[in-house]
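Take a look at the structure set out below.
The first residue of the sequence shown is numbered 1, and numbering continues consecutively from there.
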Amino acid sequence: MKLTGVLFLILFASLSPVKSWADESDSPNSVKKGVDGFSQQINDSRYTKLPTYLIEMKDGNLIPAELTVPEKIKFRLVVRNIGAKPAEFESNQLRQEKVLFMGADTSLVIIPLDVGTYDYFDDFAPTIHGKIIVKAKD
């Protein structure tokens, strides 16, 4: 029964339409920073209450590999798998872990963080690491 459920989820995920965020995030493949030195937020009407940042995972690559956010604010991470195989967003320091099928996305609310560097990686390709840099506001 368990195997049947997993196969159903894989089939469902592969048949579900994937919404493109390319126009919403202004070229998510590049690391863009605002005049304040922080990474640019994505503009999505679904996420209006918290500052929201996008991380994409593509077959072992993390886009962006470095995200810069202000200290002591609660924010949302939207993690999207744009690759051809499953991915697992994981951060031991943030205590977050999410498995994403191909074309899937998820949203994580991150508690206010102190200044520092917080690693994240694709647990299915653990040699590639990204980092969230938390900087003080000037």
Side-chain angles (χ1 to χ4, degrees):
M1 183 67 179
K2 203 175 203 182
L3 181 61
T4 306
V6 170
L7 291 173
F8 175 77
L9 284 173
I10 291 171
L11 178 63
F12 179 75
S14 65
L15 295 176
S16 297
V18 177
K19 181 179 169 154
S20 172
W21 290 14
D23 16 330
E24 297 174 20
S25 60
D26 290 326
S27 181
N29 294 335
S30 62
V31 180
K32 291 189 175 185
K33 299 203 177 184
V35 292
D36 55 3
F38 299 112
S39 297
Q40 287 187 345
Q41 300 174 29
I42 62 170
N43 296 317
D44 190 323
S45 59
R46 296 176 290 177
Y47 308 116
T48 57
K49 294 185 179 182
L50 294 174
T52 304
Y53 301 93
L54 175 66
I55 294 176
E56 293 181 312
M57 305 175 87
K58 183 176 183 182
D59 303 325
N61 292 318
L62 303 170
I63 307 164
E66 191 175 285
L67 188 67
T68 306
V69 299
E71 71 171 333
K72 306 222 185 277
I73 63 157
K74 184 192 266 187
F75 64 93
R76 181 182 315 276
L77 277 180
V78 174
V79 182
R80 182 171 63 158
N81 181 1
I82 59 174
K85 59 184 181 178
E88 181 177 357
F89 176 87
E90 186 159 347
S91 174
N92 296 325
Q93 295 165 316
L94 298 175
R95 296 184 181 140
Q96 296 287 342
E97 179 177 12
K98 291 284 185 168
V99 175
L100 298 147
F101 287 105
M102 299 71 63
D105 61 61
T106 189
S107 147
L108 307 165
V109 175
I110 308 298
I111 61 171
L113 299 171
D114 291 326
V115 172
T117 302
Y118 301 82
D119 292 335
Y120 64 91
F121 57 96
D122 179 352
D123 201 23
F124 297 153
T127 58
I128 307 298
H129 286 261
K131 58 185 167 181
I132 298 173
I133 299 169
V134 180
K135 291 182 5 180
K137 296 179 187 177
D138 291 332

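Exactly one of Met57, Lys131, Glu90 qualifies for a side chain to side chain contact (heavy atoms under 4.5 Å, CB included) with Phe121. That residue is Glu90.
Side-chain contact between Phe89 and Leu108 is present, with heavy atoms from C-beta onward closer than 4.5 Å.
The distance from atom CG of Asp105 to atom NZ of Lys98, rounded to the nearest 0.5 Å, is 11.5 Å. Taking CG of Asp122 as the reference point, atom NZ of Lys58 lies at 14.0 Å (rounded to 0.5 Å). Distance CD1/Ile133 to CD/Glu66: 3.5 Å, rounded to 0.5 Å. Taking CG of Leu113 as the reference point, atom NZ of Lys74 lies at 12.0 Å (rounded to 0.5 Å). Note: Ile110 CD1 to Ile132 CD1 = 6.0 Å, rounded to the nearest 0.5 Å. The line from CG of Asn92 to CG of Asp119 is 9.0 Å long, rounded to the nearest 0.5 Å.
Residues Pro112 and Lys72 approach most closely at CB-C, 3.6 Å, considering heavy atoms. Considering all non-hydrogen atoms of both residues, Leu50 and Thr52 come closest at O-OG1, 3.0 Å.
Hydrophobic clustering (ILVMFWY, side-chain heavy atoms < 4.5 Å, transitive): Ile55 and Val99 are in distinct clusters.
Within the 3.5 Å criterion, the main-chain N or O of Ser91 finds no donor-acceptor partner in the side chain of Gln96.
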